[in-house]
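Reviewing the structure listed below.
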Amino acid sequence: MSEEKSLNFLEEIIEADIASGKHTSILTRFPPEPNGYLHIGHSKSICLNFGLSARYGGKTNLRFDDTNPVTEDTEYVESIKEDIQWLGFQWADVFYASDYFEQLYGFAVQLIEKGLAYVDDSSPEQIAALKGTPTEPGKDSPFRNRGIEENLALFTAMRAGQYKDGEKVLRAKIDMASPNMHMRDPILYRIKHAHHHRTGDAWCIYPMYDFAHGQSDSIEKITHSICTLEFIPHRPLYEWCIDQLGIYPSRQYEFARLNLNYTVMSKRKLLQLVNEKHVDGWDDPRMPTISGLRRRGYTPASIRNFCDRIGVAKRDNLIDVGLLEFCIREDLNLTSKRAMAVLDPVKLIITNYEAGKVEELTSENYPDNAADTRVLPFGRELWIEQEDFMEVPAKKWFRLAPGMLVRLKSAYIVQCESFDKDDAGNVTAIYCTYIPESKSGQDSSGLTAKGTIHWVSAAHAIQAEVRLYERLFGVENPASEEGDFKSYINPDSLKVVTAYLEPSLANATAADRFQFIRKGYFCLDKMATPGYPVFNRTVTLKDAWGKIK
RNA sequence: UGCCCGAUAGUAUAAAGGUAGUACGACAGAUUUUGAUUCUGUUUGUCUUGGUUCGAAUCCAGGUCGGGCAACCA
């Protein structure tokens, strides 16, 4: 099957590298910064990096890019590990850029000794002023031509903690007139008297991304260092460092990151949603985080499948969230147990059914397996969905309306005789007669009902809190809209209802996935307790009637 | 006004000079005790102008449009 599928551009590069003998095996890495939770965009990168190494018989390292102590935390380290493993991947080694601080320091000393790096006493403002703009060249810093010995002494003093934050930096000496802004004497080290989540207070100088990432790749002998498009202009610097240091030549390749419509995909924005309480934490089921999708009921396979279908290329993209929904429905349709639950109840009374009588009816747990069944209690009073009744039926209406026949799933055909309304015009009760000969599985009535609806016995139903989620934002691309992205939050993204469930659902566990027939896929939320079930709606079913309306 | 990426149906993604295909969506029909699933069919596309060539989505040149680049962030 994968032989049939055409190669993406990274697979082509790797196959060419193997064919030419440049590499006999490959090693990739997934390099998150532990400053936030992973999201669906990261899962594209994870599937790519782990998928590529698996396909070509190689390995993948997990490397935390922890060079900025002020934003990083072990909480994030743990969540990242959990999410990767939950997705179904296992790293060969776990490393931290901070493992390499001593080595990186040595690399910096080497550059100074070669006359390729210097300590700059300029302030951040002065450095910015001399940097130039994309259309104008920059100017050399007055400190650019310090002697090697002086630079060495100054850099040693930086490490020793003799200066305050911002007082000095170490810069590469490259070309202040380069058309590539990243080559205009980029900063290599800055002073931060900050506590690091792993190295504690051992360091007060920390390497910048550009001086840590490529060298870390090189130290691990990563063959293909795969990152997103915005790092393209960094590639010359990545290669400059490796070339000047004469170390293992890892190579960087860039792909277009995933964008999903009706959500945001930057850790900064997601952090804001969490901190400002627009959502209930990083794992709020409306969040595009891996932990949010997990809590929502998404399966690892559905996410892997999604990442496979969206493909990999170099052009910017905005993927329709409908594809993600297709992937989870495809999975859950085959694997989830069916059950009946009424989310917006109205009473249905069967006037010719004996009061107090209870029948135990059977219903299939999976539509394609008639042998796997459960028992449902049936009685005179039932709950059905408000929306399955229309006082004045629309054209092509298959469900309940005065005088119309409908099949109660796995039970009887009923005919609507009358209904009650309250002063506000709401239907409060529906009266039907049932056809005793129409019992499911032994129907001799000769009648056919066009529609089938779900129901639960009022006398046996259990109550549950059910959380219905909609997209978090009302616009396709909140990040590109005018003004604050948070002003586009969908006010109806969460609706909590009290539902009536068939009694078997009282035994649901966190591992179970259900299809509430005709309503969608649901799973138990982490807030549920034995006496208080809480269900999350993962996704609705496709709804052809919804379109006809 | 510099440099760097990119441009194929509504959204993604293939076609390595030789039939523009696939998935999702949309639409139509069949089946259905879930208006679900399943099945069948249909629709819609190479940014533009030149050039090279028997032949161009593909190669070349110009243009247009979109994105990125001026954090002591990654």
Side-chain angles (χ1 to χ4, degrees), chain A residues 4-8 12 31-33 35 65-68 70-72 97 120 122-124 127-128 131-138 165-171 178-182 184 187-192 205-206 208-210 212-213 227-236 254 256 261 267-268 308-327 329-330 333-334 338 340 363-364 367-368 396-399 406-411 413 438 440-441 443 448-454 515-520 540-548:
Chain A
E4 298 291 324
K5 213 177 157 190
S6 55
L7 303 180
N8 66 45
E12 286 180 358
E33 184 187 12
N35 68 345
D65 223 336
D66 56 350
T67 57
N68 184 3
V70 303
T71 58
E72 297 155 4
D120 194 331
S122 308
S123 68
I127 289 177
K131 188 130 194 184
T133 69
T135 55
E136 305 160 48
D165 288 10
E167 245 180 85
K168 287 182 166 46
V169 290
L170 182 74
R171 301 179 72 179
S178 171
N180 182 339
M181 298 295 289
H182 297 278
R184 319 241 268 224
I187 292 169
L188 271 20
Y189 268 89
R190 77 287 212 189
I191 299 170
K192 277 180 191 283
I205 57 172
Y206 292 93
M208 297 287 288
Y209 166 87
D210 285 308
H213 201 100
C227 62
T228 48
L229 256 27
E230 69 267 29
F231 291 99
I232 290 175
H234 294 249
R235 196 194 322 136
E254 311 86 8
N261 62 7
K267 280 197 272 188
R268 206 193 97 254
D308 201 49
R309 284 173 200 257
I310 58 177
V312 180
K314 299 190 71 160
R315 66 186 92 108
D316 293 321
N317 60 78
L318 183 61
I319 307 278
D320 192 330
V321 69
L323 183 61
L324 217 209
E325 294 175 345
F326 168 82
C327 291
R329 285 188 188 111
E330 180 185 46
N333 176 50
L334 296 174
R338 311 293 125 133
M340 293 208 264
S363 189
E364 69 281 4
D368 297 330
K396 296 175 97 174
W397 178 253
F398 296 174
R399 283 117 86 154
V406 78
R407 158 81 58 189
L408 296 172
K409 170 74 180 170
S410 299
I413 292 175
S438 67
S440 189
D443 186 347
T448 54
K450 281 189 101 171
T452 300
I453 65 173
H454 61 280
Q515 183 195 108
F516 290 175
I517 290 181
R518 302 205 306 134
K519 298 307 317 179
T540 61
L541 260 30
K542 272 180 69 176
D543 180 15
W545 171 249
K547 283 184 207 161
I548 296 168

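Reminder, nothing fancy here: chain letters follow the sequence lines and each chain counts from 1.
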Exercise. Roughly, in whole Å, what's the span from CH2 in A/Trp545 to P in B/U34?
Worked result: 17 Å
Seminar exercise, completed: Using Watson-Crick geometry (N1-N3 plus N6-O4 or O6-N4) or G-U wobble (N1-O2, O6-N3), each under 3.5 Å, B/C59 is paired with B/G51
For this session: Please work out if A/Thr448 contacts a base, only the sugar-phosphate, or nothing of the nucleic acid, heavy-atom cut-off 4.0 Å.
Result: nothing
Exercise. Side-chain N or O of A/Lys547 less than 4.0 angstrom from OP1 or OP2 on B/C27?
Worked result: yes
Exercise. Which of the following nucleotides, B/C72, B/A14, B/A15, is nearest to the side chain of A/Asn8?
Worked result: B/A14
For this session: To the nearest 0.5 angstrom, please state how far the CD atom of A/Glu136 sits from the NZ atom of A/Lys131.
Result: 14.5 Å
Exercise. Can you find a donor-acceptor N/O pair under 3.5 angstrom joining the side chain of A/His234 to the base of B/A74?
Worked result: yes
Exercise. Taking the same atom, P, in B/U8 and in B/C59, what whole-Å distance lies between them?
Worked result: 15 Å
For this session: Considering only atom C1', compute the distance from B/A57 to B/U13 and round it to an integer number of Å.
Result: 14 Å
Exercise. Which part of the nucleic acid, if any, lies within contact of A/Lys409, taking any heavy atom under 4.0 Å across all strands shown: a base, the sugar-phosphate backbone alone, or nothing?
Worked result: base
Exercise. Given the C1' atoms of B/A9 and B/A26, what is the spacing between them in whole Å?
Worked result: 12 Å
Exercise. A/Glu33 has a side chain; which of B/C24, B/A74, B/A12 sits nearest to it?
Worked result: B/A74
Exercise. When you compare B/U48 with B/U42, how far apart are their C1' atoms, in angstrom units rounded to a whole number?
Worked result: 31 Å
Seminar exercise, completed: Closest of B/G68, B/U34, B/A36 to the A/Ala544 side chain is B/A36
Exercise. Roughly how many Å is it from CD1 in A/Ile310 to P in B/G25, rounded to a whole number?
Worked result: 16 Å
Exercise. Can you tell me how far the NZ atom of A/Lys409 sits from the NE2 atom of A/His454, to the nearest 0.5 Å?
Worked result: 12.0 Å
Problem set entry | Base-pairing assignment for B/C65 (Watson-Crick or G-U wobble, both under 3.5 Å) | B/G6
Exercise. Distance only, no hydrogens: is a donor on one side chain within 3.5 Å (strictly under) of an acceptor on the other, for A/Glu72 and A/Thr67?
Worked result: no
Exercise. Where the side chain of A/Arg190 is concerned, which of B/G6, B/A74, B/U37 is the nearest nucleotide?
Worked result: B/A74
For this session: Select base, sugar-phosphate, or nothing to describe what A/Arg399 touches, counting heavy atoms under 4.0 Å on all strands.
Result: base
Exercise. Is there a donor on the side chain of A/Thr452 or the base of B/U34 sitting less than 3.5 Å from an acceptor on the other?
Worked result: no
For this session: Using Watson-Crick or G-U wobble geometry with both distances below 3.5 Å, tell me the partner of B/A28, or none.
Result: B/U40
Exercise. Can you tell me the Watson-Crick or wobble partner of B/U1, both distances under 3.5 angstrom?
Worked result: none
Problem set entry | Side-chain donor-acceptor pair present, A/Ser178, A/Asn180, cut-off under 3.5 Å | no
Exercise. NA contact type, A/Glu254, heavy-atom cut-off 4.0 Å: base, sugar-phosphate, or nothing?
Worked result: nothing
For this session: Answer with base, sugar-phosphate or nothing: what part of the nucleic acid does A/Leu541 contact at a heavy-atom distance below 4.0 Å?
Result: base
Exercise. B/C4 and B/G63: how far apart are their P atoms, nearest whole angstrom?
Worked result: 14 Å
Exercise. Distance check: side-chain N/O of A/Ser363 vs OP1/OP2 of B/U33, anything under 4.0 Å?
Worked result: no
Exercise. When you check the phosphate oxygens OP1 and OP2 of B/U33, does a side-chain N or O of A/Arg518 lie under 4.0 Å from one of them?
Worked result: no
Exercise. When all nucleic acid strands are considered with a 4.0 Å heavy-atom cut-off, which category describes A/Ser123: base, sugar-phosphate, or nothing?
Worked result: base
Exercise. For A/Tyr209 and B/A74, do the ring centres fall under 5.5 Å apart while the planes stay under 30° apart?
Worked result: no
For this session: Would you mind telling me which of B/C73, B/U33, B/A36 lies closest to the side-chain atoms of A/Ser440?
Result: B/U33
Exercise. Side chains of A/Asp210 and A/His182: do they bring a donor and an acceptor to under 3.5 Å?
Worked result: no
Seminar exercise, completed: side-chain contact (heavy atoms from CB on, under 4.5 Å) with A/Arg190: of A/Asn68, A/Leu170, A/Ile205, A/Asp165, only one passes, and it is A/Asn68
Problem set entry | Distance-only donor-acceptor test, A/Arg338 side-chain atoms vs B/U34 base atoms, 3.5 Å | yes
Problem set entry | Side chain to side chain, A/Trp397 and A/Trp545, heavy atoms closer than 4.5 Å | yes
Exercise. Given atom CD of A/Glu325 and atom P of B/A26, what is their separation to the nearest angstrom?
Worked result: 11 Å
For this session: Return yes if some donor-acceptor pair links the side-chain N/O of A/Lys192 with the main-chain N/O of A/Gly166 below 3.5 Å, else return no.
Result: no
Problem set entry | Any-strand Watson-Crick or G-U partner of B/G45, both distances under 3.5 Å | none
Seminar exercise, completed: Closest of B/G6, B/A70, B/A71 to the A/Lys314 side chain is B/G6
Problem set entry | 5' priority, RNA chain B, between A/Arg315 and A/Pro233 [closest heavy atom] | A/Arg315
Problem set entry | Any donor-acceptor pair under 3.5 Å from A/Asp320 side chain to A/Leu323 backbone | no
Problem set entry | A/Glu136 (side chain) and B/U1 (base): donor-acceptor pair under 3.5 Å | no
Exercise. Heavy atoms under 4.0 Å, any strand shown: does A/Asp65 hit a base, just sugar-phosphate, or nothing?
Worked result: sugar-phosphate
For this session: Taking only the side-chain heavy atoms of A/Thr135 (C-beta and beyond), determine which of B/U1, B/G67, B/C24 contains the nearest atom.
Result: B/U1
Seminar exercise, completed: Taking B/C73, B/G25, B/U34 as options, the one with an atom nearest any side-chain atom of A/Met208 is B/C73
For this session: Under a 3.5 Å limit for both distances, which nucleotide forms a Watson-Crick or G-U wobble pair with B/A23, could you say?
Result: B/U11
Problem set entry | Gap between atoms CG and P, on A/Asp368 and B/U34 respectively (whole Å) | 11 Å
Exercise. Phosphate oxygens OP1/OP2 of B/C73: is one of them under 4.0 Å from a side-chain N or O of A/Lys267?
Worked result: no
Seminar exercise, completed: Per nearest nucleotide of RNA chain B, the residue lying toward the 5' end, A/Lys450 or A/Ile191, is A/Lys450
For this session: Identify which nucleotide among B/C24, B/C4, B/A16 has an atom closest to any side-chain atom of A/Ile232, counting heavy atoms from C-beta outward.
Result: B/C4
For this session: Starting at atom CG of A/Asn261, determine the distance to atom P of B/C24, rounded to an integer number of angstrom.
Result: 17 Å
For this session: Could you measure between the two P atoms, the one in B/U11 and the one in B/G51, and give it in whole Å?
Result: 31 Å
For this session: To the nearest Å, give me how far apart CD1 (A/Ile517) and P (B/A36) are.
Result: 14 Å
For this session: Between B/C47 and B/U32, how far apart are the C1' atoms? Round to whole Å, please.
Result: 46 Å
For this session: Figure out the CD1/P separation between A/Ile187 and B/A71, and round it to whole Å.
Result: 9 Å
For this session: Determine the Euclidean distance between corresponding P atoms of B/A61 and B/G66; express it in Å to zero decimal places.
Result: 23 Å
Exercise. Any side-chain heavy-atom pair from A/Tyr209 and A/Asp65 closer than 4.5 angstrom?
Worked result: yes
Problem set entry | Spacing of A/Arg171 atom CZ relative to B/A70 atom P, expressed in whole Å | 14 Å
Exercise. Under 4.0 angstrom, heavy atoms only, what part of the nucleic acid is A/Gly441 near: base, sugar-phosphate, or nothing?
Worked result: base
Exercise. Distance check: side-chain N/O of A/Lys192 vs OP1/OP2 of B/C73, anything under 4.0 Å?
Worked result: yes
For this session: Could you please name the option among B/C73, B/C24, B/C72 that lies closest to any side-chain atom of A/Leu323?
Result: B/C24
